[in-house]
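Take a look at the structure below.
The figures that follow rest on heavy atoms only: side chains count, while hydrogens, waters and symmetry mates do not. Counting begins at 1 with the first residue of the sequence.
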Amino acid sequence: MNGDKPLDYGRALVLAVLASALIFGVWARIAGVTTRVTWHDELLSHLRACGWSSVGFENRLQRELSESPKSAAQMRDFLSFRPHSSVASTIQSSFETPHLPLYYALLHGWYRIWGPSLLAGRAFSICISLLGVVAAYAFARRVASERFASEPVGMIAAAIVSVSPFQVYHSQEIRMYGLLTLMSFLSSAVVLSAGWSRRSWGWFALLTTFGLLTHLIYALVVAAQILGAIRLHRLRPALLAALISCGIAAPWYAQLLQRRPDPFHFALAPIETWRLLLAFVWSMTSFFVDLPFDRWSIHVEGGGAFPIGALFVALILIVACGACARRGQLHPVLLLGILAPITLLAADLLAGGQRSAVPRYLTPAFAGLTGVFAIWISAPRDARWRFARRALGVGVLALGAYSSCQPTTDPAWAKPDVGATDTREILHILRERRPHILIAEGTAESIVTISHELAADLQVEGSILRRDKADLARIFCGESSPLMLLRATDSVYAQVFQPLQQRGLTPETTFQGVGYVMLEFNADDAPLCQSGE
């Protein structure tokens, strides 16, 4: 026994806390993943990973729907691989979206192992998100300088990522934002590491290349890292590595911009400045808490409500950033946390957009804010305020854990972003009214997205734009009286309502919301049925 090494209780405690964070993270990410409503962008990612282009998938869908109506169960067959597809076809199809191909290519490989399904795609995101918890621990240890104990800082950072409702939410959808977070943590950890060797800048170049091939906004992470390298006197190797990465990614960016010259769409949906600023702060707080803000809010003059939770977390972040700004060695971390959101906010204010109000576009700031927050909580200076800091830190982590445990699939901050509420309303009406026919107009992905969530006995027919008046007569008569138009355009409404109004046929009941309208007609109505048209 005397020859045994002494037990390191501090190390054991670190491992226990990190293991607990991982266990909670696994539970929070798995809970509800099978019941969460699929939204359009998830299916878009799935189809790209399966090698489908928009044109090819649209042609297949319309061809098979024109042959016969399909049940919702049969529509799930559309989630399979495109015949003879490969990683090359996945990369080719990814340029139809304003995103880079790495995530789709990795998801394609995952599907080759586990099979193409929406559940498998979400499992891939969960695995990436859990790797992000471990990467946050490694990153925060690099952030801590000689003045701080690196183990506690790493533990706190891992706990933040584990309980973050923002990370839990994006771990349950088939999108690339978890991978973007992982690359941000790993590449930033290399930049902030104590030593800097050829191996270090090689890893930095590799990880930066992966990040640049994941999403366009990763360029903001690279910019912050280069500025941080100036402070750390590592500008030359970091800049060289970044230039190599940009050179590798340049052909992909050129291909993307050639096909999508306006990838960010900054000026499509301008909103009032005060509303943009409030939404920006609200989006930043989504990294840490997600409460029922309709109950925890104050009325803002001019309309709308501002969450008290946002004020609470914003105050903590302001204090934390102020504390870090007074310590020169923490400037790189602070840059990682503020450069991306400030850049997006400035672009929105100048161009009239609202990208800075959408939480997922602020993902590049997550790594830096996590490091700032972790150090602020564990900083040994100012012993008089140490207890208050840790109490506030524990409070925020507890609120984050509480938010992640809530049995909701639609976070308060995500509802205006992804429109999941409208999808749930559509599904509720379809299941309650039990229509025999669902007519969807719009993209093929929209049709499959909704039908994937429907009961097996509901049937789906093709776009009404491809149907004549004889088909309308068959639809409006007999058992096929209910009609839903999904994401229909004004021309579709005119094509449907004009012949009905001419014959005096009006709907008995109308359900209408954002993106859909459902009509019910009396099957005994004669004007259309007897016309034979």
Side-chain angles (χ1 to χ4, degrees), residues 13-32 126 129-130 132-134 136-137 139-140 148-149 151-172 181 281-298 306-321 323 337 359 362 365-380 382 385-414:
L13 178 61
V14 167
L15 293 176
V17 173
L18 186 58
S20 299
L22 281 170
I23 291 173
F24 178 85
V26 171
W27 175 85
R29 285 156 175 78
I30 292 178
I126 290 175
S129 182
L130 292 176
V133 177
V134 181
Y137 173 77
F139 163 76
F148 303 100
E151 299 287 2
V153 176
M155 284 193 305
I156 294 171
I160 290 173
V161 180
S162 181
V163 306
S164 168
F166 177 84
Q167 293 298 324
V168 171
Y169 177 82
H170 285 293
S171 71
Q172 294 182 341
T181 301
V281 177
W282 190 344
S283 297
M284 293 288 283
T285 63
S286 69
F287 291 157
F288 302 102
V289 296
D290 171 43
L291 297 175
F293 287 141
D294 54 338
R295 301 183 207 167
W296 303 84
S297 60
I298 55 177
F306 190 73
I308 293 178
L311 291 174
F312 174 68
V313 178
L315 177 62
I316 293 177
L317 292 178
I318 291 172
V319 174
C321 291
L362 300 177
F366 185 77
L369 291 180
T370 298
V372 169
F373 199 17
I375 284 188
W376 179 69
I377 294 175
S378 61
D382 303 326
W385 300 103
R386 186 182 306 170
F387 176 79
R389 286 187 183 187
R390 293 181 179 177
L392 285 174
V394 170
V396 172
L397 292 176
L399 288 176
Y402 173 79
S403 303
S404 299
C405 291
Q406 293 306 295
T408 175
T409 57
D410 302 327
W413 49 266

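Considering all non-hydrogen atoms of both residues, Ala401 and Val163 come closest at N-CB, 3.8 Å. Summarising the geometry of Ala157 relative to Ala140, their closest heavy-atom pair is CB-CB, 3.3 Å, with the distance given to 0.1 Å.
For Ser286 (side chain) and Ser283 (main-chain N/O), a donor-acceptor pair under 3.5 Å exists by modelled atom type. Between the side chain of Gln167 and the backbone N or O of Thr181 there is no donor-acceptor pair closer than 3.5 Å. Checking side-chain atoms of Ser162 against main-chain N and O of Ala158 turns up no donor-acceptor pair under 3.5 Å.
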Begin with the C-alpha distance, continue with both residues' side-chain angles, and end with the deciding distance and a verdict on side-chain contact (heavy atoms from CB on, under 4.5 Å) for Gln172 and Ile30.
CA-CA 8 Å; Gln172 294 182 341; Ile30 292 178; over 6 Å; no
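A heavy-atom distance below 4.5 Å is found between the side chains of Val161 and Phe366. Residues Leu362 and Phe287 form a side-chain contact, since some pair of their non-hydrogen atoms from C-beta on lies under 4.5 Å apart. Residues Ser403 and Phe288 form no side-chain contact, since every pair of their non-hydrogen atoms from C-beta on lies 4.5 Å or further apart.
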Contacts table for residues 392-399: side-chain donor-acceptor under 3.5 angstrom, sequence neighbours left out:
none

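For the atom pair OG of Ser164 and OH of Tyr169, the computed distance is 13.0 Å after rounding to the nearest 0.5 Å.
Ring orientation note: the planes of Phe166 and His170 are nearly perpendicular, at an angle over 60° on the 30°/60° scale.
In terms of the side-chain contact (heavy atoms from CB on, under 4.5 Å) criterion, residue partners of Ser171 (sequence neighbours excluded) are, by chain and number, Arg29, Ser129.
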